[in-house]
Each structure stands twice: as structure tokens, then as C-alpha cells.
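First the structure, which I've put down as C-alpha cells, then a few questions once you've had a look.
Since we're looking at a predicted model, the values are computed, not measured.
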Amino acid sequence: MYEIQNEMSLMDKLEILGDAAKYDVACTSSGVDRRGKEGFLGNSCAAGVCHAFAADGRCISLLKILMTNHCVFDCKYCRNRSSNDIKRATFTPDEICDLTIEFYKRNYIEGLFLSSGVINNPEYTMEKMCETLRLLRTKYKFNGYIHVKAIPGAPQELIYSAGLLADRISINMELPTKESLSKLAPNKSFNNIFGSMGQITDTIAAHRMAIGKDSRMERSDINQYLDNSIFSEKKRIEDSKKDLFLPADINDTKLKRNFASAGQSTQMIIGATNESDYDLIRTTQYLYQHYDMKRVFYSGYVPLNDDPVLPEIGTPVPLLREHRLYQADWLLRYYGFQANELLSEKNPNFDERIDPKCFWAISHLEQFPVEINTASHDVLLRVPGIGPLGVKKIVSARRYGSVTFPMLKKMGIVLKRAKYFITCNGRMMERIPIEEKFILGQLAGLEEKKNKEIQKPEDNYHQMSLFTDFGMSVQA
């Protein structure tokens with residue numbers, strides 16, 4: 001059995017394991033608002049815990065590391081796969097705690113993102129991660145935000161323990177289809193992944209109901225307006241018949257913590273296999289509907305390994321495609337769209353030149369233009385350039401008189417997009433032909449500069465460093 005070794009210096013380990021964690025992008029705002037507690041270090045603010053590393057340069061304020069990059073699995077897409085000849089390192093639980101506390105005290109970070117390779121087996125790895133989190137919460141009195149990546153196939157009691165100690169818990173789905181997973185990650189199975197996801201979903205629901213809340217995670221109040229939303233009451237999945245794993249201490253833990261109060265998330269790799277955008281967003285919708293995911297993340301595949309079943313090393317990272325999928329994900333969660341509305345088997349991929357909402361509108365020109373002064377809330381929400389806040393302003397203003405284009409501009413409506421799809425008092429803002437080719441060309445021109453910025457070459461982004469990016473010096 002592999003044992004945690006302590007031969008390397010802490011700084012050497014941090015360099016290796018901080019860099020190894022950069023390919024996991026499933027970090028986001030915590031969704032937790034917890035004030036400081038007397039005798040404890042740190043707090044967690046719903047809007048204050050920022051992003052971890054992402055390929056497009058999003059800023060981070062979490063200490064984002066692997067517990068170890070040793071791994072018994074040999075996933076073809078993974079830098080840390082067992083067959084790769086790379087430097088390996090492992091943190092002890094106390095080392096992770098020391099790093100977290102010292103960085104927090106210096107105001108470099110606001111929380112911890114902890115993931116790991118699989119050492120020995122999922123059970124052993126999960127035991128070490130739970131030991132780390134328990135030390136951090138009890139011995140070190142850390143009350144800040146923690147996001148932990150659980151290991152699929154680990155025993156239920158360990159996943160439950162991790163969920164009590166962390167604010168967010170996630171399990172990477174990795175790939176959207178069973179065929180792709182068996183091809184690129186033969187040591188992993190959807191049975192283990194979905195089994196662990198289901199346990200987390202049910203336990204979160206049980207904890208929420210135990211304190212008088214709805215079993216599903218709160219999202220946006222926009223859902224109350226959308227009868228066709230994937231979160232509508234009519235389409236919610238019944239979970240009362242499921243067998244829940246509920247240990248006796250569910251409401252009587254020493255830490256008095258809810259289970260994964262910031263919810264559950266997952267990540268899918270895009271570009272390593274040939275799934276279409278339609279495959280990806282259908283899978284995403286399934287995860288939101290059946291597993292009440294807080295977020296589904298997309299990670300553009302970075303070609304690192306030389307393997308005949310993978311894109312060649314040097315293949316550009318699909319950053320623009322990743323960006324469009326995130327925009328489509330937003331439409332699923334907050335705008336009431338369904339996956340089969342946005343794409344289909346006959347039209348399975350987005351036009352990367354324009355955002356998915358514009359793509360949908362251009363594909364459904366028969367529904368436009370819509371009249372601002374009479375259109376319903378959900379119809380307005382589907383107009384490019386008009387978001388939830390804009391819809392509320394329009395609906396509110398209509399109570400007192402007709403809405404005009406100058407009024408829309410003052411409301412913050414993005415008229416450079418919306419003007420192709422709306423009328424005010426029966427008139428369009430300009431003489432615009434409602435033709436697909438013309439509107440597509442105009443909207444693609446608006447996006448051109450931004451698209452080029454997103455598609456920067458690989459060497460223009462890097463894993464942020466606490467030492468170089470913040471001008472710190474490291475003592476030898």
C-alpha cells in the first residue's frame with residue numbers, strides 16, 4: 001500500500017501540486033454566506049469567494065491544490081495518469097492545513113479547493129481528504145469556504161463526512177457519454193459516478209428539508225416566471241421514493257454544519273472526444289434535472305498526452321467553444337430554454353461567431369420582431385440583448401405608459417443586439433430586413449473582436465502563482 005511520504009520540501013510540493021491542479025476548472029463563487037465565528041479563522045461570503053484558475057484567465061482567491069498527483073488510474077486525457085513519467089508529490093493533511101492558514105492570514109486566499117489523484121484506491125484517498133478537512137475545521141479552526149472533489153466509488157460514509165466538512169462537494173463526470181468514458185478512462189464508470197452524485201443529491205435534499213427549506217437548491221427568482229423552465233414544479237423529479245443515506249448524526253454533528261450548503265457541481269471535458277454541442281447540453285440538462293447540480297462546468301481539453309485516440313499535441317484549446325457552452329448553460333438555468341430548442345440532431349453545434357441566444361433567435365426569425373409594449377415576460381426574456389433585469393424594468397415601465405427606444409437605452413438594454421428583434425409601438429429602431437444572412441453578418445461583426453480575445457494562444461495564459469503574480473519573494 002502506498003504511504004504518504006515527506007521527503008520533499010513544502011515549497012517543492014506546492015509547486016508540483018499547485019500546477020497539477022490547474023486543469024480542474026470546477027470552481028466558482030461559493031454560494032455560502034457565513035459570518036466569522038468567535039475562536040475560528042475566516043468566513044465565507046456568497047459574493048466574495050472568487051474563481052480558481054481557468055484557461056481564459058479568470059482570477060482566483062482559493063488555494064487550489066491536489067492532495068497528491070500520484071494516481072492508480074490511467075485516464076488517457078489526464079496529465080497525472082499512472083503511465084506518465086512526471087514528478088510526483090503528496091501533501092500530508094497537516095501540510096495542507098498549514099498552507100491554507102498561512103496563506104489566509106496573509107490575505108492571499110479566501111478558501112481552499114482540494115482535489116486529488118487516486119492513491120491505492122478511492123476509499124484510502126477519501127479517508128485522507130476527510131482527515132485533512134476535519135483537521136482544518138477543528139484543530140485549525142478554519143471557518144472559510146472549502147470546495148472538495150469527492151472520489152467516485154468511495155464509501156457513502158466518507159462522502160457524507162466530506163459533505164459535512166466542505167461547503168461545496170463535486171464529482172467530475174469527465175465525459176458526456178458512457179462510450180467516451182470507457183474509451184478514455186477505462187478505470188472509471190458511470191455507475192460509480194452517478195451513484196456518488198445521487199447520494200450527494202439526496203443528502204443535500206434531506207438536510208434542506210430538515211431545516212424547512214425546499215429540497216432543491218435556490219437559484220434565481222426568474223424561475224417563478226418560467227412555466228417551461230427545467231426547474232418548474234411540474235418537471236421536478238420526485239425524490240421521496242429514493243433510499244437516502246442518513247447517518248444518525250444528521251442533525252447532531254459536533255460541527256453543527258449543513259451538508260454541502262453551496263451545493264454540488266461537476267465538470268465535463270470538451271474537445272477530447274467528438275461529441276457535439278447538442279450532446280453536451282443535453283447531458284447538462286439531464287444533470288440539472290436529475291441531480292440538482294448547482295453548476296456544470298466545461299473544461300476545454302488541453303492536449304498534453306501523446307495518444308492516438310486524443311487530439312494531437314499542439315491542437316488549439318477550444319476556448320471559444322467552451323465560452324459558448326457556458327452561455328448556453330446560462331440559458332438553460334435562467335432563461336427557460338430546453339436543450340432541444342437550442343440545438344437538434346440536424347443542427348448539433350452552435351455557430352461560434354455569435355452567442356447561443358442570438359443563434360437561437362436567428363434560427364427562429366418567424367417569432368420576431370416582438371412588440372416591447374405587449375410581449376409577455378418569457379417572450380421578452382428570449383430577445384437577444386434583454387436579460388432578466390431588463391425584462392423586469394420593461395414590465396414595470398409599461399404600467400405607466402408606452403416604452404420607447406430611448407427608454408430602453410436608459411434601462412441598459414443592449415440595443416445593438418435587440419434592435420433586430422423588437423418593435424416599439426409597431427416600429428423598428430431602424431429599417432432592418434428580417435433576413436437570416438443579414439442579421440447573422442451584423443451580429444457576427446459585433447462579436448468578432450471579443451471572439452479573437454477569447455481565442456488567445458495557449459502561451460498567453462498560465463496558472464496564477466501566489467509568488468510571482470503578487471510580487472512576493474520566496475525564502476529558500
query: Are the side chain of Ser170 and the backbone of Ala150 linked by a donor-acceptor contact shorter than 3.5 Å?
result: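 No, because the side chain of Ser170 does not come within donor-acceptor range (under 3.5 Å) of the backbone of Ala150.
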message: Run Arg295 and Arg333 through side-chain contact (heavy atoms from CB on, under 4.5 Å) and show every step you take.
response: CA-CA 9 Å; Arg295 286 294 306 272; Arg333 291 189 294 136; 3.2 Å; yes
message: Go through it in stages, so that I can follow the logic: the residues are Leu114 and Met67, the test is side-chain contact (heavy atoms from CB on, under 4.5 Å), and I'd like the CA-CA distance, side-chain angles, deciding distance and then a yes or no.
response: CA-CA 7 Å; Leu114 182 62; Met67 185 178 73; 4.2 Å; yes
- request: Might you point out which heavy atoms bring Ile270 and Pro318 nearest each other, and give the distance in Å?
  value: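 Scanning both residues completely, I find the closest heavy atoms to be O-CG, 3.8 Å.
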- request: Output the distance between atom CG (Asn305) and atom CG (Asn80), rounded to the nearest 0.5 Å.
  value: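 So the gap between those two atoms works out to 9.5 Å.
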query: Between Asn187 (side chain) and Asp74 (backbone), is there a donor-acceptor pair under 3.5 Å?
result: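 A pair under 3.5 Å: yes.
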- prompt: Is the backbone N or O of Cys71 less than 3.5 Å from a side-chain atom of Arg81, with the two atoms forming a donor-acceptor pair by type?
  reply: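 Not at all, since once roles are kept as given, no pair shorter than 3.5 Å links the two residues.
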query: How far does CG of Leu158 sit from CE of Met129, to the nearest 0.5 angstrom?
result: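 Answer for the CG-CE pair, Leu158 versus Met129, is 11.0 Å.
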- request: Please confirm whether the backbone N or O of Lys87 pairs with a side-chain atom of Asn69, one donor and one acceptor, at under 3.5 Å?
  value: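 Checking the backbone N and O of Lys87 against the side chain of Asn69, a donor-acceptor pair under 3.5 Å is found.
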- request: Indicate the atoms forming the closest heavy-atom contact of Ser265 with Arg168, along with that distance.
  value: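 Residues Ser265 and Arg168, closest heavy atoms: OG-CD, 3.6 Å.
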task: Walk me through it: do Lys13 and Ile65 pass the test side-chain contact (heavy atoms from CB on, under 4.5 Å)?
output: CA-CA 10 Å; Lys13 290 182 180 181; Ile65 54 175; over 6 Å; no
field: Asp12: partners by side-chain hydrogen bond (donor to acceptor under 3.5 Å, both in side chains), with sequence neighbours left out
entry: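 Applying side-chain hydrogen bond (donor to acceptor under 3.5 Å, both in side chains) to Asp12 gives Ser9.
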Working for salt bridge (Lys or Arg N to Asp or Glu O under 4.0 Å), residues Arg417 and Glu447: CA-CA 10 Å; Arg417 292 188 180 88; Glu447 296 280 329; 2.6 Å; yes
is_close_aromatic(Tyr301, Tyr77), centroid dist under 6.0 Å: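 No, the ring of Tyr301 stays outside the 6.0 Å limit from the ring of Tyr77, centre to centre.
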field: Side-chain heavy-atom pair Ser82, Val72 within 4.5 angstrom cut-off
entry: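 No. Closest side-chain heavy atoms not under 4.5 Å.
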- prompt: Say you draw a straight line from CG of Leu63 to CG of Leu112; how long is it, rounded to the nearest 0.5 Å?
  reply: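 Answer rounded to 0.5 Å: 5.5 Å.
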message: Would you say that Gln264 contacts Ile204 through its side chain, given a criterion of any heavy-atom pair below 4.5 Å between the two side chains?
response: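 They are in side-chain contact.
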- prompt: Are Arg382 and Tyr335 in a cation-pi setup, meaning NZ or CZ lies under 6.0 angstrom from the ring centre and within 45 degrees of the ring axis?
  reply: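 No, Arg382 does not sit over the ring of Tyr335.
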query: Would you find a donor on one side and an acceptor on the other, under 3.5 Å apart, between the side chain of Gln199 and the backbone of Ile159?
result: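 Such a contact is absent between Gln199 side chain and Ile159 backbone.
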- prompt: Leu99 versus Phe91: any side-chain heavy-atom pair under 4.5 Å?
  reply: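 Yes; the side chains approach each other to less than 4.5 Å.
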message: If we count only N and O atoms by modelled type, under 3.5 Å, do the side chains of Arg282 and Gln285 hold a donor and an acceptor together?
response: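 Judged by distance alone, the side chains do not pair up.
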query: Between atom OG1 of Thr266 and atom OH of Tyr298, what is the distance when rounded to the nearest 0.5 Å?
result: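 With rounding to 0.5 Å, OG1 (Thr266) is 10.5 Å from OH (Tyr298).
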field: Closest approach of Pro303 to Gly314 (non-hydrogen atoms, all atoms of both residues)
entry: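 Looking at all heavy atoms of both residues, the closest pair is CB-N, 4.2 Å.
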task: Of all the heavy-atom pairs spanning Pro356 and Ala328, show the shortest one and how long it is.
output: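 Shortest heavy-atom contact: CG-N, 3.8 Å.
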message: Applying side-chain contact (heavy atoms from CB on, under 4.5 Å) to Leu165 and Ile146, what does each step give before you reach the verdict?
response: CA-CA 8 Å; Leu165 294 162; Ile146 297 177; over 6 Å; no
- request: Using distance alone, with no hydrogens and no angle criterion, decide if Asp292 and Thr201 have a side-chain donor and acceptor under 3.5 Å apart.
  value: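 No, because no side-chain N or O of Asp292 sits under 3.5 Å from a partner of the opposite role on Thr201.
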Residues Glu131 and Lys128 bridged, charged N to O under 4.0 Å: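 A salt bridge links Glu131 with Lys128.
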task: Apply ring-ring contact (aromatic ring centres under 6.0 Å, His included) to Phe194 and list each qualifying residue two or more places apart in sequence or on a separate chain.
output: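 Listed in chain order: Phe190, Tyr291.
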- request: Evaluate the side-chain proximity of Ile193 to Leu181: yes if any heavy-atom separation is below 4.5 Å, no if none is.
  value: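 Touching, per the 4.5 Å side-chain cut-off.
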message: Treating Asn451 as the side-chain partner and Arg353 as the backbone partner, does any N or O pair qualify as donor plus acceptor under 3.5 Å?
response: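 Confirmed, Asn451 side chain pairs with Arg353 backbone.
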query: Quick one: does Thr284's side chain get under 4.5 Å of Met268's, heavy atoms only?
result: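 Yes, their side chains come closer than 4.5 Å.
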message: Using every non-hydrogen atom in the two residues, find where Asn84 and Cys78 come nearest and quote the distance to one decimal.
response: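 Taking Asn84 first and Cys78 second, the nearest heavy atoms are ND2-O, 3.6 Å.
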field: Single hit among Trp360, Phe359, Tyr278 for ring pair (Phe, Tyr, Trp, His ring centres under 6.0 Å) with Phe350
entry: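 The residue from Trp360, Phe359, Tyr278 that satisfies ring pair (Phe, Tyr, Trp, His ring centres under 6.0 Å) with Phe350 turns out to be Phe359.
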- request: Step by step, work out the salt bridge (Lys or Arg N to Asp or Glu O under 4.0 Å) result for Asp279 and Lys178.
  value: CA-CA 12 Å; Asp279 294 328; Lys178 183 178 180 180; over 6 Å; no
message: Tell me whether Glu352 contacts the main-chain N or O of Leu320 through its side chain, where contact means a donor paired with an acceptor under 3.5 Å.
response: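 No, because the side chain of Glu352 does not come within donor-acceptor range (under 3.5 Å) of the backbone of Leu320.
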task: Anything under 30° is parallel, anything over 60° is perpendicular, the rest tilted; go ahead and classify Phe259 against Tyr160.
output: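 Parallel: the ring planes of Phe259 and Tyr160 meet at under 30°.
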- prompt: Are any non-hydrogen side-chain atoms of Leu136 and Ile101 less than 4.5 angstrom apart?
  reply: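 They are in contact (side-chain heavy atoms under 4.5 Å apart), so the answer is yes.
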- request: Check whether any side-chain heavy atom of Asp94 lies under 4.5 Å from a side-chain heavy atom of Lys139, and answer yes or no.
  value: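 Side chain of Asp94 against side chain of Lys139, heavy atoms only: contact under 4.5 Å found.
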task: Grab the two heavy atoms, one from Lys188 and one from Cys75, that are nearest each other, plus how far apart they are.
output: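 Taking every non-hydrogen atom into account, CE-SG, 3.6 Å.
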- prompt: Is there a donor-acceptor pair closer than 3.5 Å between any side-chain N or O of Ser161 and the backbone N or O of Glu157?
  reply: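 No; judged by distance alone, with no hydrogens or angles, the pair does not exist.
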task: State which residues pass side-chain hydrogen bond (donor to acceptor under 3.5 Å, both in side chains) with Asp98; sequence neighbours excluded, sorted by chain then number.
output: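 For Asp98, the residues satisfying side-chain hydrogen bond (donor to acceptor under 3.5 Å, both in side chains) (neighbours in sequence not counted) are Tyr140.
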query: Given side chains that start at C-beta, do those of Lys393 and Leu389 come closer than 4.5 Å, heavy atoms only?
result: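 Side chain of Lys393 against side chain of Leu389, heavy atoms only: contact under 4.5 Å found.
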task: Specify whether Tyr145 and His147 have parallel, tilted or perpendicular ring planes, treating 30° as the upper limit for parallel and 60° as the lower limit for perpendicular.
output: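 Rings of Tyr145 and His147: perpendicular, as their planes differ by over 60°.
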query: Would you say the side-chain atoms of Asp307 pair up with the backbone N or O of Lys76, donor to acceptor, closer than 3.5 Å?
result: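 No; zero donor-acceptor contacts below 3.5 Å.
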message: Using only atom types and a distance under 3.5 Å, with no angle test, would you say the side chain of Arg137 pairs donor to acceptor with the backbone of Phe142?
response: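 The answer is yes, because a donor-acceptor pair under 3.5 Å joins these two groups.
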field: Reported CD1-to-OG distance for the pair Ile269 and Ser180, which is rounded to 0.5 angstrom
entry: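 So the CD1 of Ile269 and the OG of Ser180 are separated by 10.5 Å.
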Point-to-point distance, once rounded to the nearest 0.5 Å, from CG of Leu287 to CE of Met293: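 Going from CG on Leu287 over to CE on Met293, the span is 5.5 Å.
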